[in-house]
Amino acid sequence: MIAMLIGLIVFLSGCSQINEPITPESEGIWNSYFVYPLSWLIQYFANLFNENYGLAIILVTVIIRTALLPLNIKQLKSTKAMQDIQPELKELQQKYSSKDANTQQKLQQETMALFQKHGVNPLAGCLPIFVQMPILLAIYHAIMRTEEIGHHTFLWFPLDEKDLILPFIAGITTFLQQKLMMAGSAGANNPQMTVMLYMMPIMITVFAFMFPSALALYWIIGNLFMIAQTIFIRKPMMRDTNTGGDKK
């Protein structure tokens, strides 16, 4: 699934030239139906607030993240359902630990029966990611390819120039967002997840030093939104589910 996700990102990134300005005349499905509408929306809000493109980027990011919230909640529910059946799944893996073909076939059959028993779809948690990715990547393209953004400043930084402070804020918020997501989850003690916990913030910080500040601003707002989502939606959801499990 990770390989498929990376392939999707590479495919969508190649749909158009990242350095090519986006205009109403830009051709192609990717430009016409994904990138330009978001570029237009950024410019629309900027014009409403006296050419404030920084505020426009914040508003559009929040709007898109809010629109994607139902998918995020569905993904969280699917992830929680998978966590709930982990003890039973581990029992099956121990029961059918032999690597011969017949035993592994029996393990697959028992695993599918377990999924059906609890109404769990192992792919349900991944599908929302594939739906969100084109939209989030389109925001990235819209910010990078909207020429008007490059002529304005927000707070202390020009939107088209690199900044020395924003990359660290982007890295810190990425770390906090991932830390909150991992807290209490099945992957909290997973060595690979621990590596990602520290690698992702470093990668985002490095990328933020390489790209214009407008993109770092987008990453920061997206991280803050996900942090709020984790605090106000994910944690209560998991607490309620765990309480329900205790009552059973």
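Just so we're clear, the structure is a prediction, and the values are computed from it rather than from any experiment. Note that the numbering runs from 1 along the sequence shown for the chain.
Contact record, Ser39 with Thr146: OG-OG1, 2.7 Å, taken as the closest heavy-atom pair. Closest approach of Thr205 to Pro201, counting heavy atoms only: OG1-O, 2.7 Å. Nearest heavy-atom pair, Ala142 versus Ile149, reported as atom, atom and distance to 0.1 Å: O-CD1, 4.4 Å. The nearest pair of heavy atoms linking Leu155 to Thr153 is O-CG2, 4.0 Å. Smallest separation of non-hydrogen atoms from Leu166 and Ala216: CB-CB, 4.0 Å.
Within the 4.5 Å cutoff, side-chain heavy atoms of Asp163 are placed close to those of Trp156. Looking only at side-chain heavy atoms (C-beta outward), Leu176 and Asn223 stay at 4.5 Å or farther from each other. Residues Trp30 and Val35 meet the side-chain proximity criterion, which asks for heavy atoms closer than 4.5 Å. Contact of the Glu51 side chain with the Glu148 side chain is not registered, since no non-hydrogen atoms from C-beta on lie closer than 4.5 Å. Inter-residue side-chain proximity for Thr174 and Trp219 is flagged as unmet; no heavy-atom pair is nearer than 4.5 Å. Annotation: side chain of Met144 is in contact with side chain of Pro212 (closest heavy-atom distance under 4.5 Å). The closest side-chain heavy-atom distance from Gln43 to Tyr53 is below 4.5 Å. Between Phe157 and Ile165 there is no side-chain heavy-atom pair separated by less than 4.5 Å.
Rounded to the nearest 0.5 Å, atoms CG (Asn31) and CZ (Arg145) are 4.5 Å apart. Here the CD-CG distance, from Glu147 to Asp160, works out to 11.0 Å after rounding to the nearest 0.5 Å. The distance from atom CD1 of Ile172 to atom CD1 of Ile204, rounded to the nearest 0.5 Å, is 13.5 Å.
Taking the six-membered ring wherever Trp is involved, the centroid distance between the rings of Phe49 and Tyr44 does not fall below 6.0 Å.
Summarising the local packing, CZ of Phe154 is surrounded by more than 12 heavy atoms from other residues, nucleotides or ligands at distances under 6.0 Å. Within 6.0 Å of atom CZ in Phe175, more than 12 heavy atoms from other residues, nucleotides or ligands are found, so the atom counts as buried in its surroundings.
Phe168 and Met199 are not part of a single hydrophobic cluster, where members link through side-chain heavy atoms under 4.5 Å apart.
Checking Gln177 against Thr173 by side-chain atom types alone, no donor-acceptor pair falls below 3.5 Å.
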